[in-house]
Q: 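Below is a structure I'd like to ask you about.
Sequence lines set the chain letters: A, B, ... in the order given, protein chains first and strands last, and positions in each chain run from 1.
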Amino acid sequence: RPGRRATAQAPLQAPIPESTQAPGARSDADGLPAALRRKRRAALPEVSELQAVRHYTRLSQKNFSIDTHFYPLGSCTMKYNPRACNSLASLPGFLARHPAAPESHSQGIMACLFELQEMLKAVTGMHGVSLAPAAGAQGELAGVMMIRAYHDARGDTDRREILVPDAAHGTNPASAIMAGFDVREIPTGADGDVDIDALRRAVGPQTAGIMLTNPSTVGVFDRNIQAIAHTVHDAGGLLYYDGANLNAILGKVRPGDMGFDVIHMNLHKTFSTPHGGGGPGAGPVGVSKRLEPYLPVPLVVRDGDEYHWQAEGDRPDSIGRLTAFGGNMGILLRAYIYARMLGAEGMRRVADYSALNANYLMARLRTAGFQLAYPERRASHEFIVTLKHEAKNFGVNTMDFAKRLLDYGYHAPTTYFPLLVPECLLIEPTETEDKESLDGFVDAMTTIRAEAEQQPQLLKEAPHRLPVRRLDDVRAARHLDLAWRPAESG
Amino acid sequence: RPGRRATAQAPLQAPIPESTQAPGARSDADGLPAALRRKRRAALPEVSELQAVRHYTRLSQKNFSIDTHFYPLGSCTMKYNPRACNSLASLPGFLARHPAAPESHSQGIMACLFELQEMLKAVTGMHGVSLAPAAGAQGELAGVMMIRAYHDARGDTDRREILVPDAAHGTNPASAIMAGFDVREIPTGADGDVDIDALRRAVGPQTAGIMLTNPSTVGVFDRNIQAIAHTVHDAGGLLYYDGANLNAILGKVRPGDMGFDVIHMNLHKTFSTPHGGGGPGAGPVGVSKRLEPYLPVPLVVRDGDEYHWQAEGDRPDSIGRLTAFGGNMGILLRAYIYARMLGAEGMRRVADYSALNANYLMARLRTAGFQLAYPERRASHEFIVTLKHEAKNFGVNTMDFAKRLLDYGYHAPTTYFPLLVPECLLIEPTETEDKESLDGFVDAMTTIRAEAEQQPQLLKEAPHRLPVRRLDDVRAARHLDLAWRPAESG
Amino acid sequence: MPFIPHTEDDVAAMLATIGVDRIDDLFDEIPPELRAKDLDGVPAGVSEMDISRVMQARAREDGQPLCFIGAGAYEHHIPAAVWQITTRGEFYSAYTPYQAEASQGTLQVLYEFQSMMTALTGLDVSNASLYDGASALAEAVLMAVRANRKVKSPRVLLPRNLHPAYRRTVRSIVRHQGIELVEVPFDRAGGHTTVEQLEAAAGGEFAALVIPQPNFFGVLEEVDELTDWAHARNALVIGVVNPVALALLSPPGDWGTAGADIACGEGQPLGMPLASGGPYLGFLCCKHAFVRQLPGRIAGKTLDADGQEGFTLTLQAREQHIRRSKATSNICTNQGLLVTAATIHMALLGAEGLERVAAACHANSRKLSDRLCEIPGVEPLFDRPVFHERALRLPAPTADVLRSLAAHNILGGFDLGPDYPELEPALLVCATEVRTDDDLDAYHDKLARVIATRTQARCPVEPKF
Amino acid sequence: MPFIPHTEDDVAAMLATIGVDRIDDLFDEIPPELRAKDLDGVPAGVSEMDISRVMQARAREDGQPLCFIGAGAYEHHIPAAVWQITTRGEFYSAYTPYQAEASQGTLQVLYEFQSMMTALTGLDVSNASLYDGASALAEAVLMAVRANRKVKSPRVLLPRNLHPAYRRTVRSIVRHQGIELVEVPFDRAGGHTTVEQLEAAAGGEFAALVIPQPNFFGVLEEVDELTDWAHARNALVIGVVNPVALALLSPPGDWGTAGADIACGEGQPLGMPLASGGPYLGFLCCKHAFVRQLPGRIAGKTLDADGQEGFTLTLQAREQHIRRSKATSNICTNQGLLVTAATIHMALLGAEGLERVAAACHANSRKLSDRLCEIPGVEPLFDRPVFHERALRLPAPTADVLRSLAAHNILGGFDLGPDYPELEPALLVCATEVRTDDDLDAYHDKLARVIATRTQARCPVEPKF
């Protein structure tokens with residue numbers, strides 16, 4: 001394909017676009033000892049501005065994205081990212097502020113952050129919120145570290161086990177391990193709820209807490225949540241809420257009211273900050289009163305009309321700092337703007353319409369003959385279709401289905417997660433898609449199943465209409481090619 | 001195709017995106033007499049923000065553009081539009097300024113406009129410049145109107161004829177007619193220069209002036225320009241310079257030095273303001289001293305440290321105002337920024353490298369066996385290939401060639417213009433394309449000629465790889481469908 | 001080198017292919033005596049960083065005063081999505097869609113724009129834009145004279161309460177076409193144009209009547225009556241309309257018994273920033289009968305070789321690049337990018353959204369003029385219903401008042417004096433939906449103080465020196 | 001309804017399909033007593049226009065003071081193209097490229113980013129970003145302890161002249177992994193870390209040595225010597241580097257005889273605005289031997305079913321969504337959009353462009369510190385070569401001086417006192433290429449005045465009251 005790596009392949013002696021030159025700059029950087037200087041120029045691309053613009057513009061067109069495609073990716077909440085959030089968070093005054101600027105020159109942004117903290121508290125029912133974590137996984141880490149700090153502060157140092165349902169996101173156990181805990185899995189019952197008996201057997205004096213998503217990753221609201229909370233609390237453990245699925249219940253049910261002690265939120269999911277091809281996210285944490293001393297820094301507090309930062313010195317029990325400069329501020333601003341545009345009513349509507357879309361899509365797919373993993377349950381904002389019959393009867397698997405969906409202009413739902421459902425498609429339409437999108441998706445699914453029956457090869461070789469055909473992941477891992485190198489050196 | 005007209009087909013009772021609502025607005029607009037009010041709501045699209053964003057994002061992807069494709073479109077100077085020009089001209093202070101803001105609140109933009117006037121004077125060798133015309137064609141109109149005003153002011157009212165070479169842009173005669181002139185065509189010689197004998201025969205007491213492009217639309221610099229100037233001036237006529245091809249000689253030769261009395265510039269060509277899918281342009285006019293009183297208003301003048309507007313009242317002999325608010329200011333700002341980034345040296349480089357690219361591409365195409373219209377001449381910034389042999393031998397025409405180029409990812413050159421060359425491709429690579437682009441274009445042309453020989457149908461049915469196949473222009477003109485209408489009304 | 005991609009090796013190879021030694025040799029057909037010596041007056045090039053600094057300083061210098069000027073250009077809220085999409089490279093850096101197959105994005109946008117403008121104006125066809133509202137009116141006048149087959153007169157009635165800059169622009173552009181522009185006075189009490197005044201001004205035959213709705217003073221005309229009057233005289237009717245106002249006001253296609261024949265106006269309120277006056281967007285719509293007299297580009301829907309729908313420029317036989325001196329106009333480049341912005345803007349707002357904007361502007365302007373008329377000596381200039389802006393009589397010279405307000409960073413409105421000396425001291429004020437109650441209060445308070453000072457200063461006090 | 005596309009008809013039809021009467025019925029599995037009553041604390045929704053007004057006011061409120069703070073975040077010129085392309089919807093609103101065929105744009109960008117970072121650092125492989133420089137260092141520390149098979153000790157040497165916020169972040173993140181962070185003091189005259197100090201601090205075995213280059217004071221470390229020293233003790237070397245500085249400074253891969261093993265740092269200088277501290281971009285590169293210990297996403301080149309080249313995420317077996325509790329890290333979402341910006345930024349500048357930026361910053365900072373040291377009592381704190389910023393000793397309490405400067409809209413630098421009380425009064429200053437000579441003069445003049453006032457005030461004058 002012409003243009004690929006054109007950037008790095010251009011000759012090194014090419015002149016630099018002067019538009020980016022720093023005039024007056026001399027390459028004889030005075031005072032730098034020769035021994036510490038670079039000997040060979042780095043093999044960076046050497047291209048003109050037009051070449052770069054054209055290259056990256058064309059690359060962008062090879063992506064699916066919310067702005068171009070329906071993206072029913074379960075557990076990822078791929079909804080519309082309002083353009084206003086981008087432009088207002090990018091106002092010159094916000095972009096220019098240095099992270100170490102004094103409070104006297106920071107009241108504008110601090111007001112936004114403070115109000116965001118307050119809104120997140122209100123909508124989750126938590127007592128305190130820190131915006132510091134840079135993404136959901138970092139929020140999880142902060143959350144479990146706070147659980148640990150809580151037990152440690154009480155001298156309850158034998159509580160070294162975190163319970164995690166087998167349906168949980170992989171980040172849950174990974175975060176628990178990073179916080180120095182052991183992980184014990186709790187099975188999910190046939191109805192999709194946590195196996196409460198298994199939970200009762202699992203809790204004990206070693207229990208530090210449980211990490212739960214509710215609605216869970218199987219797309220249902222765990223009806224026993226109160227029993228779960230009592231069980232864990234009675235055993236001396238704390239409840240951690242994985243906010244990945246908060247979109248489903250935003251403003252309808254509050255994690256704090258369910259009995260959770262600590263929660264992280266994925267602002268790039270529930271609060272519609274951009275996914276950006278894999279970040280940046282933001283993973284604020286909320287806590288009940290007893291965990292408040294441990295919140296990660298910095299926090300914004302208000303004193304009269306003035307806002308102040310609280311850092312390590314002000315909060316000696318804090319689990320500390322998670323990034324150098326306090327978090328993904330530009331993302332927090334976007335979430336703030338989005339939350340203000342929604343308001344309380346709009347937040348409730350998020351849950352209403354994401355549930356409506358999910359249940360409608362589920363109903364239509366069921367009618368179209370697809371098998372649901374939990375047919376007796378309401379969908380939350382997402383639900384699971386299992387293609388095990390299609391796999392058995394037509395010899396095509398979920399990945400084949402997924403790749404064929406790309407050909408029809410639909411991003412694939414989440415595949416093979418949660419692991420406990422075979423040939424699993426986790427489907428989350430979100431509230432910002434219209435009925436036409438959902439109906440189109442049902443049509444595509446139906447067509448593909450007919451294709452699976454009649455010409456399964458079509459699925460197995462899919463995609464056919466994308467910039468590339470199916471990519472060889474095994475080869476990628478075996479013959480590692482992770483960076484381009486100039487010809488002479490390799 | 002899904003999505004087409006989805007916008008307007010959505011039900012009218014759909015709610016408006018609240019993000020765009022004016023809160024507090026009531027639809028009972030007080031004080032408006034019922035008789036003057038609208039009876040039926042207009043059939044505008046009723047869609048959500050995501051639907052609109054997705055629709056227009058996807059539409060954009062169906063376009064070729066400089067940012068995605070090589071665009072060797074002769075006479076159009078499709079070169080890179082620097083992104084900095086866009087962002088700096090869009091600074092909030094510039095966007096917010098009302099056209100009727102007082103001079104006290106306009107010094108910043110007026111400084112830019114004044115300096116742009118001065119730079120355009122310097123690089124064209126003209127005595128005065130007005131930035132008022134909104135596009136090249138309006139600049140032409142202003143130019144010929146000034147010629148008329150000049151003759152009229154001298155009582156020389158019988159000069160009613162404008163001479164135009166047969167190779168000229170269609171706007172030349174059209175503009176002359178709008179200024180109330182008659183048009184007489186002057187033939188082009190076999191070498192591409194104006195037929196000077198024909199010109200000598202044509203001039204007379206009826207001659208108001210001549211409209212010339214130099215380099216001309218056949219892609220050569222008219223070597224007799226001084227003789228032409230003398231001939232016309234001696235006959236009492238004035239010389240009009242069509243600046244469409246100014247890119248070819250920017251900073252190398254100045255129209256004022258060639259003897260031209262009036263010139264328009266296409267800022268969206270030579271000064272790289274965006275073409276925008278067909279505008280906005282900007283068509284400043286420059287004049288020699290004797291035409292200065294007639295410049296269109298407004299102008300910016302400097303008095304000490306202050307800038308002032310000059311309008312009708314200050315310039316009684318002006319041909320007047322061409323738009324309500326003085327021109328395409330945002331485009332003028334972009335051109336100003338571009339001109340400042342280029343500087344004098346950069347302007348000369350524009351001519352140097354556009355000539356280099358054109359002559360290189362011409363040499364390579366000649367070697368590849370294509371026939372040049374003027375093989376003995378240097379190319380200016382553009383040149384002409386004639387496909388008359390291919391048309392005769394393979395039964396494919398220039399349009400077939402052009403459409404097949406699209407399949408290879410190259411925008412077609414200008415076809416069938418100028419009219420005097422049969423099966424004509426007017427090719428202008430511009431200075432911002434690199435050698436790889438030009439070489440790729442030669443390869444595509446060569447491949448297509450081989451296809452023309454072996455499978456001409458491939459060309460005749462082209463394009464094959466675009467969002468649509470070849471469109472039926474005749475049908476479009478016969479069965480006029482110029483606007484979508486709600487189903488109920490037809 | 002800014003924007004030049006060539007490496008030294010490239011240049012050497014290219015020169016060798018051409019067969020010359022130096023780039024300058026490529027200019028050897030140019031008479032040497034013509035070669036430019038230097039470009040005094042063009043400063044040396046600067047980096048993107050440096051020009052950024054200059055532009056930021058200049059943009060800041062002009063500040064962002066509180067603006068109550070309307071007068072043909074209106075500050076509306078523009079959804080962020082509009083320009084983020086419009087400036088995508090595929091729209092921003094595309095050419096006129098002559099190669100239709102490679103331009104379906106732009107072409108469909110043009111078609112949608114035409115559809116939306118016909119929906120707003122109630123007429124049959126729209127072109128794909130002209131330079132601005134004033135030049136669109138000039139083209140409308142030329143078109144009407146060409147199109148009117150019943151009346152041979154080249155006379156066109158242009159009311160005095162039409163925007164002064166429009167009147168001047170029309171005069172500039174049509175002056176050499178043998179057209180006579182007849183000015184029609186307005187009613188001094190109402191600010192509108194009456195049939196009686198038209199009768200008197202018309203005198204005899206005329207090809208077309210121009211009706212601005214609302215007119216320059218914001219006053220609403222009796223469009224039905226005026227339209228029928230003109231039609232009864234075999235003249236064509238040209239409506240000059242504000243597209244946002246059309247969300248609430250009767251569209252030209254519905255005026256009178258037969259509807260106006262042509263509508264034109266300024267598209268700026270549909271998503272274009274004020275931006276010192278441009279680029280804006282002229283629109284021009286007409287009845288189907290006149291489509292071949294319509295200047296400018298037009299997109300049409302057609303089929304491709306597979307029978308699939310697609311879009312293309314059509315009726316190009318009207319245009320200069322085909323018809324040359326016989327074209328309907330010399331226009332070629334129009335305002336494509338602004339069409340894109342306007343189309344996205346209208347799609348985002350929808351009809352109800354536009355209605356709300358219009359209603360909010362109207363309410364805000366009413367509130368403003370009511371507040372200002374609490375100040376002694378400030379009163380409405382006309383007694384007829386207005387839309388969106390209002391002309392006020394002041395108790396002190398307008399220019400002085402505006403200057404004092406500007407010193408406090410308030411742009412108080414448009415001074416009617418220079419264009420309408422008979423109305424002095426008079427001011428045209430406007431408050432769109434973006435002005436808050438605080439803004440209105442600030443204006444009221446400052447104006448009250450300025451006027452109090454001014455009117456006191458009128459008392460004959462001897463200078464002390 | 002903001003961002004909800006449903007019409008009433010849609011809702012009715014959808015409810016009928018589902019078989020419920022009202023949307024609220026869809027929540028009937030939720031225990032009623034858990035249903036939220038109200039959301040006090042969440043204000044009513046506002047329009048885009050209204051929130052625009054709020055945000056514009058707040059952005060203005062924080063002003064744009066003249067900033068001479070570096071300390072890990074640097075104001076560089078960012079070419080306009082960078083963010084105009086990065087915020088295109090296809091990059092901005094895309095998900096993590098798990099469906100590789102539908103994500104070739106993002107994946108190729110990641111691959112190019114990895115290529116550029118390995119070129120800059122001189123190491124073999126790079127991941128596709130971490131949250132920021134400090135958390136990247138924390139991951140580097142964890143990785144080094146895992147990867148060092150020769151030394152079992154969980155001790156890691158962390159010099160005191162490493163950025164204080166980085167030290168705190170590392171401590172927060174690794175605290176529960178049984179890792180001991182050993183602080184190494186710096187040389188009080190040079191500001192750098194010496195082998196002698198390392199020897200003394202190390203005591204015994206350690207898994208890794210962290211070397212910042214330049215260090216927090218801007219002082220250059222003798223990286224070759226330190227690297228060889230650590231390698232001789234079987235420890236791994238982690239370089240913490242500024243990517244712009246790497247255009248001029250020896251890359252970690254070249255340090256000492258064998259090169260550093262891991263390099264990490266803050267990618268903000270590669271096209272990210274200061275933006276109050278984020279989102280930024282952590283990078284992490286290492287030798288090929290450690291690739292399976294590398295946390296975070298990695299893109300690789302592979303072939304598709306037609307044998308055509310393409311890109312995909314690879315080595316996912318390291319990651320949490322596959323390995324769950326055995327993953328190399330819990331990281332999942334990273335900083336994809338910033339990677340896009342950094343990649344475009346580097347492509348636009350190229351190596352020479354980055355060199356010029358680095359050289360200009362360095363020259364500007366030298367000029368600044370020279371100017372400031374003309375002021376009596378202001379002098380360099382350390383005598384070793386510096387890059388890009390410099391620590392100064394002040395003749396007056398730093399906090400007071402900075403407060404006075406801030407009152408004049410100058411942010412004079414980073415106060416070293418709170419983190420290094422032993423250095424008080426001391427200030428870290430920086431002037432990147434965006435600061436002009438006028439800016440430097442303004443700072444000099446204001447600082448001279450502030451210090452003059454302060455030092456006079458120190459004279460023992462009796463209060464008059």
Q: Would you mind checking which part of C:Arg60 comes under 4.5 Å of any heavy atom in chain B, side chain (CB onward), backbone (N, CA, C, O), both or neither?
A: neither

Q: Between C:Ile30 and chain B, which part of the residue has a heavy atom less than 4.5 Å away: side chain, backbone, both or neither?
A: both

Q: Return yes if a side-chain donor-acceptor contact under 3.5 Å exists between C:Thr343 and C:Glu112, otherwise no.
A: no

Q: Side chains of C:Val109 and C:Phe91: closer than 4.5 Å at any heavy-atom pair?
A: yes

Q: Under 4.5 Å from any heavy atom of chain B, what part of C:Ile298 do you find: side chain, backbone, both or neither?
A: side chain

Q: Testing the 3.5 Å rule here: is there a donor-acceptor pair between the side chains of C:Ser276 and B:Arg97?
A: yes

Q: So, do C:Leu348 and B:Glu49 sit near enough that their side-chain heavy atoms are less than 4.5 Å apart?
A: yes

Q: Report which part of B:Glu431 has an atom under 4.5 Å of a heavy atom belonging to chain C: side chain, backbone, both, or neither.
A: both

Q: Suppose we call two aromatic rings close when their centres sit under 6.0 Å apart. Are B:Tyr353 and C:His6 close by that rule?
A: yes

Q: Quick check on the interface: out of B:Val53, B:Leu88, B:Ile249, who has the most heavy-atom pairs with chain C under 4.5 Å?
A: B:Leu88

Q: Do B:Asn63 and B:Ser60 have a side chain donor and acceptor closer than 3.5 Å?
A: no

Q: Chain B heavy atoms under 4.5 Å from C:Thr118: which part of the residue, side chain, backbone, both or neither?
A: side chain

Q: Would you mind checking which part of C:Tyr92 comes under 4.5 Å of any heavy atom in chain B, side chain (CB onward), backbone (N, CA, C, O), both or neither?
A: both

Q: Heavy-atom distances under 4.5 Å only: say whether C:Leu246 touches chain B with side chain, backbone, both or neither.
A: both

Q: Of the backbone (N, CA, C, O) and the side chain (C-beta and beyond), which part of B:Lys121 lies under 4.5 Å from a heavy atom of chain C, both, or neither?
A: neither

Q: Hey, is the main chain of C:Leu411 close enough, under 3.5 Å, to the side chain of B:His98 for a donor-acceptor pair?
A: no

Q: Would you mind checking which part of B:Pro296 comes under 4.5 Å of any heavy atom in chain C, side chain (CB onward), backbone (N, CA, C, O), both or neither?
A: neither

Q: Testing the 3.5 Å rule here: is there a donor-acceptor pair between the side chains of B:Thr68 and B:Ser65?
A: yes

Q: Tell me, for B:Met78 versus chain C, whether the close heavy atoms (under 4.5 Å) come from the side chain, the backbone, both or neither.
A: side chain

Q: In terms of heavy-atom proximity below 4.5 Å to chain C, should B:Leu406 be classed as side chain, backbone, both, or neither?
A: side chain

Q: Side chain from CB out, backbone as N, CA, C, O: work out which of these in C:Glu101 comes under 4.5 Å of a heavy atom of chain B, or both, or neither.
A: both

Q: Can you tell which part of C:Glu90 gets under 4.5 Å to a heavy atom of chain B, answering side chain, backbone, both or neither?
A: both

Q: Name the region of B:Ala351, side chain, backbone, both or neither, that has any atom closer than 4.5 Å to a heavy atom of chain C.
A: both

Q: Side chain, backbone, both or neither: which part of C:Ala71 has an atom under 4.5 Å from a heavy atom of chain B?
A: backbone

Q: Can you find a heavy atom in the side chain of C:Leu315 that is under 4.5 Å from one in the side chain of B:Leu480?
A: yes

Q: With only heavy atoms counted, which part of C:Thr314 is less than 4.5 Å from chain B, the side chain, the backbone, both or neither?
A: side chain

Q: For C:Glu266, which atoms come within 4.5 Å of any heavy atom of chain B: side chain, backbone, both, or neither?
A: neither

Q: Given a strict heavy-atom distance threshold of 4.5 Å, which part of C:Ala406 is in contact with chain B: side chain, backbone, both, or neither?
A: both

Q: Got a second to check how far B:Lys403's NZ is from B:Glu461's CD, nearest 0.5 Å?
A: 14.5 Å

Q: Measuring heavy-atom distances to chain B, does C:Phe414 have an atom under 4.5 Å in its side chain, in its backbone, in both, or in neither?
A: side chain

Q: Side chains of C:Thr96 and B:His275: does their closest heavy-atom pair fall under 4.5 Å?
A: no

Q: Is the closest side-chain donor-acceptor distance between C:Arg88 and B:Thr57 under 3.5 Å?
A: no

Q: Can you tell me which portion of B:Gln226 sits under 4.5 Å from chain C's heavy atoms? Options are side chain, backbone, both or neither.
A: side chain

Q: Kindly indicate whether the side chain of C:Tyr111, heavy atoms from C-beta on, has any atom under 4.5 Å from the side chain of C:Lys301.
A: yes

Q: Could you tell me which portion of B:Thr432 (side chain, backbone, both or neither) has an atom closer than 4.5 angstrom to a non-hydrogen atom of chain C?
A: both

Q: Just by distance, no angles: are the side chains of C:Ser93 and B:Asn81 close enough, under 3.5 Å, to form a donor-acceptor pair?
A: no

Q: Given heavy-atom pairs under 4.5 angstrom as the criterion, report whether the side chain, backbone, both or neither of C:Asn334 touches chain B.
A: both

